Participant: 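Next up is a structure, given as structure tokens.
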Amino acid sequence: MPDSPEGGCACGQVRYRLRSAPLFVHCCHCKDCQRQTGSAFVLNALIETGRVECLSGEPALSPMPTDSGRPHDVARCSGCGTAVWSHYGGVKALTFVRVGTLDEPVALPPDVHIYTRSKLPWIALPSGLPAFEAYYDSKTLWPAESLARRRAIFG
Ligand SMILES: [Zn+2]
Ligand SMILES: [Zn+2]
């Protein structure tokens, strides 16, 4: 992975840089993610919001309805509408960066597959990677360094 991976929207107005590696990378197969992306799943790199540096074009937050009713704000380019990241559960300290908007998404493969209960049947998951029917307990899965970083923002 590049030290400070960069990414942006489709029109180029929004450009951003991650100041470090993410905490963890989710591949989410839930119905919300399928609807909102129009695809089979979403790839989210979880990282402290303070480590997401906007280089140009501040994206605008739009609230999304969710199946759970918990808040989900998606940050989109005001020019082209590309969703570059989001905040779940009203937690603004944590950013879920959409890995597909990075210049090199190959650098951040998923660490876990979640909500596989709604995974489309023709997607085969790799063996050896954790996969959960719904959500999971990050304490059992995240590296110690990521858990320490999370404690630093949530106490
Ligand atoms: Zn754009
Ligand atoms: Zn999801």
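Along the sequence shown, the residues carry numbers beginning at 1. All values reported here derive from a predicted model rather than from experimental measurement. All values below were derived from every heavy atom in this structure, side-chain atoms included, with hydrogens, water molecules and symmetry-related copies excluded.
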Participant: Should we say atom CZ of R70 is surrounded by more than 12 heavy atoms from elsewhere, each under 6.0 Å from it?
Facilitator: no
Participant: Does a side-chain heavy-atom distance below 4.5 Å link S78 with P59?
Facilitator: no
Participant: Only one of F24, W85, Y88 forms a ring-ring contact (aromatic ring centres under 6.0 Å, His included) with F96, so which one is it?
Facilitator: Y88
Participant: Ignoring hydrogens and geometry, is there a side-chain-to-backbone donor-acceptor pair from T66 to G69 under 3.5 Å?
Facilitator: yes
Participant: Out of curiosity, does W122 fall in the hydrophobic cluster containing L43 (side-chain heavy atoms, cut-off under 4.5 Å, transitive links)?
Facilitator: yes
Participant: Is it the case that over 12 heavy atoms from other parts of the model lie below 6.0 angstrom from the NZ atom of K139?
Facilitator: no
Participant: Same cluster for V99 and L141 if Ile/Leu/Val/Met/Phe/Trp/Tyr side chains link at under 4.5 Å?
Facilitator: no
Participant: Could you tell me the separation between the CD1 atom of I47 and the OG1 atom of T95, rounded to the nearest 0.5 Å?
Facilitator: 8.0 Å
Participant: Please report the shortest heavy-atom distance between L129 and P110, naming the atom on each side.
Facilitator: CD2-O, 3.6 Å
Participant: Is there side-chain contact between V74 and Q36, with heavy atoms separated by less than 4.5 Å?
Facilitator: yes
Participant: List the atom pairs, donor and acceptor, that lie under 3.5 Å between side-chain atoms in residues 148-155 and the rest of the protein, sequence neighbours left out.
Facilitator:
from	atom 1	to	atom 2	distance (Å)
R149	NE	E48	OE2	2.8
R149	NH1	A21	O	3.3
R149	NH2	S20	OG	3.3
R149	NH2	A21	O	3.0
R149	NH2	E48	OE1	2.8
R150	NH1	S138	OG	2.7
R150	NH2	S138	OG	3.3

Participant: Please report the closest heavy-atom contact between C30 and S118, naming both atoms and the distance.
Facilitator: CA-OG, 3.4 Å
Participant: For the side chain of K31 and the backbone of R35, is there at least one donor-acceptor N/O pair under 3.5 Å apart?
Facilitator: no
Participant: Tell me the closest heavy-atom pair linking G57 and V14, and the distance in Å.
Facilitator: O-CG2, 2.8 Å
Participant: Does any part of the side chain of L18, heavy atoms only, come nearer than 4.5 Å to the side chain of L102, both counted from C-beta?
Facilitator: yes
Participant: Using the side chain to side chain contact (heavy atoms under 4.5 Å, CB included) definition, which of the options C33, C27, S86 pairs with V42?
Facilitator: C33
Participant: With rounding to the nearest 0.5 angstrom, report the CD1 to NE2 distance, I123 to H113.
Facilitator: 9.0 Å
Participant: Hey, mind stepping through S62 and R76 against side-chain contact (heavy atoms from CB on, under 4.5 Å) and telling me if it holds?
Facilitator: CA-CA 7 Å; S62 53; R76 296 180 182 280; 3.7 Å; yes
Participant: Are F132 and Y135 linked, directly or through intermediate hydrophobic residues, by side-chain heavy-atom contacts shorter than 4.5 Å (ILVMFWY only)?
Facilitator: yes
Participant: Ring pair (Phe, Tyr, Trp, His ring centres under 6.0 Å) for Y136 and H26? Distances and angles first, verdict last.
Facilitator: CA-CA 11 Å; Y136 68 101; H26 289 173; 5.4 Å; yes
Participant: Verify, without hydrogens or angle tests, whether R19 (side chain) and G50 (backbone) share a donor-acceptor contact under 3.5 angstrom.
Facilitator: yes
Participant: Spell out, yes or no, whether V25 and L23 are grouped together once hydrophobic residues are joined by side-chain heavy atoms under 4.5 Å, including indirect joins.
Facilitator: no
Participant: Apply side-chain hydrogen bond (donor to acceptor under 3.5 Å, both in side chains) to residues Y16 and S56 and explain how you reach the verdict.
Facilitator: CA-CA 7 Å; Y16 68 85; S56 70; over 6 Å; no
Participant: Quick one: side chain to side chain donor-acceptor pair (under 3.5 Å) partners of H87, sequence neighbours excluded?
Facilitator: none
Participant: Taking the side chain from Q34 and the backbone from A40, do they hold a donor-acceptor pair closer than 3.5 Å?
Facilitator: yes
Participant: For the rings on F41 and H29, is their centre-to-centre separation under 6.0 Å?
Facilitator: yes
Participant: Could you state whether V91 and L61 fall into the same hydrophobic cluster, counting links through intermediate Ile, Leu, Val, Met, Phe, Trp or Tyr residues with side-chain heavy atoms under 4.5 angstrom apart?
Facilitator: no
Participant: Check whether any side-chain heavy atom of V97 lies under 4.5 Å from a side-chain heavy atom of N44, and answer yes or no.
Facilitator: no
Participant: Is there a donor-acceptor pair closer than 3.5 Å between any side-chain N or O of T82 and the backbone N or O of V84?
Facilitator: no
Participant: Name the residue from E53, E6, E58 that meets the salt bridge (Lys or Arg N to Asp or Glu O under 4.0 Å) definition with R15.
Facilitator: E6
Participant: Nearest 0.5 angstrom please: D32 CG to H72 NE2, how far?
Facilitator: 8.0 Å
